[in-house]
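To start, the structure itself, in structure tokens.
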Amino acid sequence: MRYSQAFIPTVKEAPKDATMPSHVLMLRAGYARMVGAGIYELLPLGVRVLHKIERIIREEMDAAGAQELLMPTFLPAEYFKESGRWDVYGPTLLRIEDRKGGEYHLAPTHEEIVTDLVRREVRSYRQLPLNLYQIQLKYRDEPRPRAGLLRCREFIMKDAYSFDVSEDAAQQSYADMRDTYHRIFQRLGLEYRVVEADSGAIGGKQSAEFQVLAQTGEDRIVACDRCDYAANVEVAEAGRAETHESGAAEPAALEKVATPDTRSIDEVVAFFGGKAVAADTLKSLLYIAGDQLVLAVVRGDHEINEIKLARHLGVGEVLLATDGAVREATGTEIGFVGPVGFEGRIIADPDAIAVANAIAGASETPYHYRNVNYGRDFEAEVASIRQAASGDRCPACEGRLQLYRGIEGGHIFVLGTHYSEKMSATFLDEEGKSHPFVMGCYGIGVSRLIAAVIEQHHDEQGIRWPLPVAPYEVIVTPIGKEEAPLAKATEIYGALRAHGVEALLDDRNERPGVKFKDADLLGIPIRLTVGSRGLERGTLELKKRTEAASTDIPVDDAVAATMAALRELRG
RNA sequence: CGGGGCGUAGCGCAGUUUGGUAGCGCGCACGGUUCGGGACCGUGAGGUCGGAGGUUCAAAUCCUCUCGCCCCGACCA
């Protein structure tokens with residue numbers, strides 16, 4: 001492509017609404033533009049990257065025996081009504097009425113539609129296993145779209161659905177997809193972790209997330225520094241309880257201390273000066289779970305995991321009690337609530353009850369107790385209700401857990417017969433008996449991955465594409481107003497293209513600085529600079545986007561040297 | 001949905017407190033000088049001040065309503 005004819009609208013200043021690196025850079029470098037909140041158009045460069053990613057996904061999915069199809073995104077309501085999701089999905093489902101008043105919606109995912117297709121067309125165990133996938137637009141009216149392409153209301157997703165004769169066979173399909181996903185994420189040049197996850201609303205028994213590591217990610221995950229244990233903090237088992245030694249391990253006498261203006265753990269710790277740290281305190285929070293009020297207690301430096309708490313209580317969700325509710329239930333202000341003397345259900349984390357001579361709220365404003373000890377001063381149901389934290393012991397080995405932030409790039413599930421049973425999707429086995437298909441589903445946020453790659457591969461100057469997903473592999477940059485550089489650059493550009501290299505020729509009538517800045521911004525992995533100065537010596541410069549220095553190479557070796565550099569970048 | 005912030009030229013912003021001629025930088029067009037890390041000079045085009053209603057002789061500015069966008073929290077590829 002000749003840059004002078006390319007539609008690559010770069011800008012110096014990013015719109016103020018963009019905050020994350022990937023968002024800023026996609027806008028500045030002319031890869032994408034916003035149309036509405038969570039709605040983007042991909043410009044030519046963006047589409048080239050998209051196609052690169054899609055191609056890798058298709059190659060690996062096809063190699064795994066999956067078959068591509070294309071399902072509609074505009075759907076009659078009947079399928080979601082059949083599975084029950086028409087009601088369950090809530091406002092996230094974009095509903096549409098046609099001219100006759102018929103109910104429709106835009107597809108947020110396609111379990112029902114494939115299941116319907118398969119139940120109509122597949123009758124026999126001999127047609128199984130079957131894995132069908134598509135790369136398609138998806139629509140979810142997200143409560144809060146954000147961060148550019150990372151969280152959109154319209155996005156591109158690869159979704160695959162497997163159909164098997166048995167649970168065992170489905171486990172095999174799941175394992176195969178897991179392997180396939182590893183290959184895909186590796187080829188994309190991403191640093192990622194596979195983590196245990198909450199199956200969420202899709203309804204499944206087993207699932208794993210492919211989390212792309214990035215400081216800007218929305219998800220928090222923990223991973224062991226020794227073994228391959230990794231999990232979303234939502235579900236991560238916290239490390240085993242460790243008794244926190246705070247001086248005297250012998251229980252001392254309970255003591256009530258006036259502690260005005262100490263609402264937070266930090267303030268309590270500050271009040272007790274050098275004598276206490278957050279791990280010496282107990283954090284007590286009042287939750288509303290269904291129709292009951294429960295007190296959740298964790299160690300002061302730990303965070304409550306509401307998902308775990310809800311699970312322990314056997315309710316869908318728990319709500320933090322309001323100030324008023326706390327006052328009414330305990331007769332005290334928030335900040336002074338504690339387990340001692342609390343009349344009601346108390347759930348305490350193992351690490352909380354292990355604290356000797358703890359500081360905890362006295363359920364009286366403004367007092368705290370000192371030397372609170374579990375068993376003597378309060379009783380509780382003991383359950384792991386805290387979030388895993390950095391430094392926790394790994395639940396699987398002797399290692400320690402590290403905290404990361406991640407972008408959920410993929411999610412694979414064993415669905416079981418959830419949908420096939422609801423939708424009466426069955427096949428006949430060898431004996432002519434009818435069984436529901438055992439299903440799995442496997443998603444990859446394709447458009448999200450464009451942004452995820454940028455989050456991992458950029459610097460102050462711009463994007464630094466890994467070669468496999470770069471929109472162009474090489475940019476040839478003639479410098480100066482003389483004829484020679486442009487002529488030679490054009491010649492090399494032609495030769496590279498003849499060798500199958502995806503090249504961009506910056507034939508614009510721009511000053512060198514502009515061309516260099518744009519080349520860095522766009523993130524093309526290799527730049528060939530052709531200037532009259534070098535030509536006089538018979539050389540040009542080859543520079544990798546990831547390296548600061550360039551290399552002089554003989555003009556006649558330009559193509560060979562470039563091919564070699566590309567091979568090197570491919571690994 | 002709760003909390004916070006922002007809507008003025010394509011982009012970034014000032015002007016709003018204290019009503020009175022709509023401004024700056026970048027970008028864009030034209031002319032000239034430049035040409036190895038976002039050049040310089042000159043000329044010029046470009047704005048329903050998010051929208052509606054109100055107050056006023058007069059509204060970007062004050063009042064009411066409304067729409068949109070961003071950020072932080074509960075959901076998800």
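Within every chain, numbering begins at 1; the chains are lettered A, B, ... in the order of the sequence lines, protein sequences first and strands thereafter. Keep in mind it's a predicted model, so treat the numbers as computed, not measured.
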N/O to N/O distances under 3.5 Å, protein versus nucleotides 9-12 of chain B:
{"from": "C11(B)", "atom 1": "O2'", "to": "Glu13(A)", "atom 2": "O", "distance (Å)": "3.0"}
{"from": "G12(B)", "atom 1": "OP1", "to": "Lys16(A)", "atom 2": "N", "distance (Å)": "2.8"}
{"from": "G12(B)", "atom 1": "O2'", "to": "Glu13(A)", "atom 2": "OE2", "distance (Å)": "3.3"}

Every protein N/O within reach of nucleotides 42-51 of chain B N/O, cut-off under 3.5 Å:
none

Contact list (N/O, under 3.5 angstrom) for nucleotides 35-37 of chain B vs protein:
{"from": "G36(B)", "atom 1": "N1", "to": "Glu541(A)", "atom 2": "OE2", "distance (Å)": "2.6"}
{"from": "G36(B)", "atom 1": "N2", "to": "Glu541(A)", "atom 2": "OE1", "distance (Å)": "2.6"}
{"from": "G36(B)", "atom 1": "N2", "to": "Glu541(A)", "atom 2": "OE2", "distance (Å)": "2.7"}
{"from": "G37(B)", "atom 1": "O6", "to": "Arg527(A)", "atom 2": "NH1", "distance (Å)": "3.4"}
{"from": "G37(B)", "atom 1": "O6", "to": "Arg527(A)", "atom 2": "NH2", "distance (Å)": "3.0"}
{"from": "G37(B)", "atom 1": "N1", "to": "Asp520(A)", "atom 2": "OD2", "distance (Å)": "3.2"}
{"from": "G37(B)", "atom 1": "N2", "to": "Asp520(A)", "atom 2": "OD2", "distance (Å)": "2.4"}

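Side-chain proximity of Arg153(A) to C69(B), C26(B), C75(B): nearest is C69(B).
When atom types are taken as modelled, the side chain of Tyr161(A) and the backbone of Leu130(A) share no donor-acceptor pair closer than 3.5 angstrom. His110(A) contributes a side-chain N or O that, together with a main-chain N or O of Pro72(A), makes up a donor-acceptor pair within less than 3.5 Å.
Pairing partner, G42(B): C30(B), with both Watson-Crick or wobble hydrogen-bond distances short of 3.5 Å. The pairing partner recorded for A60(B) is none, the criterion being a Watson-Crick or G-U wobble arrangement whose two distances lie under 3.5 angstrom. With both pairing distances under 3.5 Å, G7(B) is matched to C67(B) as a Watson-Crick or G-U wobble pair. For U18(B), there is no paired nucleotide, since no Watson-Crick or G-U wobble pair has both relevant distances below 3.5 Å. Base pairing annotation: G2(B) forms a Watson-Crick or G-U wobble pair with C72(B), both donor-acceptor distances under 3.5 Å. G23(B) is paired with C13(B) under the Watson-Crick or G-U wobble criterion, all donor-acceptor distances under 3.5 Å.
One atom, CD of Glu460(A), and another, C1' of G38(B), lie 16 Å apart when rounded to the nearest Å. Rounded to whole Å, atom P of C76(B) lies 21 Å from atom OH of Tyr139(A). Taking atom CD on Glu154(A) and atom P on A77(B), their separation rounds to 17 Å, with Å as the unit. Look at CZ on Arg405(A): it is 16 Å from C1' on C76(B), rounded to the nearest Å. Protein atom CZ of Arg85(A) is 12 Å distant from nucleotide atom C1' of C76(B), rounded to whole Å. Going from atom CE of Met34(A) over to atom P of C69(B) covers 7 Å, rounded to whole Å. If you take OH of Tyr442(A) and P of C76(B), they are 20 Å apart, rounded to a whole angstrom. Counting to the nearest Å, the C1' atom of A74(B) and the CZ atom of Arg146(A) are 10 Å from each other.
Using a 4.0 Å heavy-atom cutoff across all strands shown, Asp159(A) reaches no nucleic acid atom at all. In this structure, Ser447(A) reaches neither bases nor backbone, as no heavy-atom distance under 4.0 Å exists between it and the strands shown.
For the P atoms, the distance linking U64(B) with G47(B) amounts to 31 Å, nearest Å. Between C26(B) and G42(B), the two P atoms lie 11 Å apart (nearest whole Å). For the C1' atoms, the distance linking G46(B) with U56(B) amounts to 31 Å, nearest Å. For the P atom pair drawn from C57(B) and G15(B), the interatomic distance equals 29 Å after rounding to whole Å. G53(B) and A45(B) have their C1' atoms separated by 34 Å, with the value rounded to a whole Å. Comparing the same atom, C1', in G5(B) and in A22(B) gives a spacing of 24 Å after rounding to whole Å. Taking atom P in both C62(B) and U8(B), one finds a spacing of 16 Å when rounded to whole Å. Taking atom C1' on both G31(B) and U21(B), the two are 31 Å apart, rounded to the nearest angstrom.
Each of Leu505(A), Leu535(A), Leu540(A), Leu528(A) was compared with Pro478(A) under the side chain to side chain contact (heavy atoms under 4.5 Å, CB included) criterion, and only Leu505(A) meets it.
A salt bridge links Glu59(A) to Arg55(A): at least one charged side-chain nitrogen sits closer than 4.0 Å to a carboxylate oxygen. For the pair Asp506(A) and Arg527(A), the salt-bridge criterion is not met [side-chain N within less than 4.0 Å of a carboxylate O]. Electrostatic pairing of Lys158(A) and Glu54(A) does not count as a salt bridge here, judged by no charged N lying under 4.0 Å from a carboxylate O.
Closest-nucleotide positions on RNA chain B for Met20(A) and Cys152(A) were compared, and the one nearer the 5' end corresponds to Met20(A). Residue order along RNA chain B, read from the 5' end via each residue's closest nucleotide, puts Thr10(A) first among Ala147(A) and Thr10(A).
By the salt bridge (charged side-chain N to carboxylate O under 4.0 Å, His left out) test, Glu60(A) pairs with Arg183(A), Arg187(A), sequence neighbours left out. Partners of Glu473(A) under the side-chain hydrogen bond (donor to acceptor under 3.5 Å, both in side chains) rule, at least two apart in sequence or in another chain, are Arg570(A).
Proximity of the aromatic rings of Tyr139(A) and His105(A) is defined here by a centroid distance below 6.0 angstrom, and this criterion is not met.
You'll find a donor-acceptor pair under 3.5 Å spanning the side chain of Arg151(A) and the base of C76(B), going by distance alone.
Defined by atom type and a distance below 3.5 Å, a donor-acceptor pair is missing between the side-chain atoms of Tyr419(A) and Asp116(A).
Note on residues 7-23 of chain A: pairs passing side chain to side chain donor-acceptor pair (under 3.5 Å), not counting sequence neighbours, are Thr10(A)-Asp518(A), Ser22(A)-Glu455(A), His23(A)-Tyr40(A).
Ring planes of Tyr192(A) and Phe185(A): tilted class, angle from 30 to 60°.
Counting heavy atoms from C-beta on, the side chains of Glu209(A) and Arg193(A) never come closer than 4.5 Å.
The side-chain tip of Arg448(A) does not point at the ring of Phe155(A) from less than 6.0 angstrom away and within 45° of straight on.
Residue Thr92(A) has no polar side-chain atom (N or O) positioned under 4.0 Å from OP1 or OP2 of C75(B).
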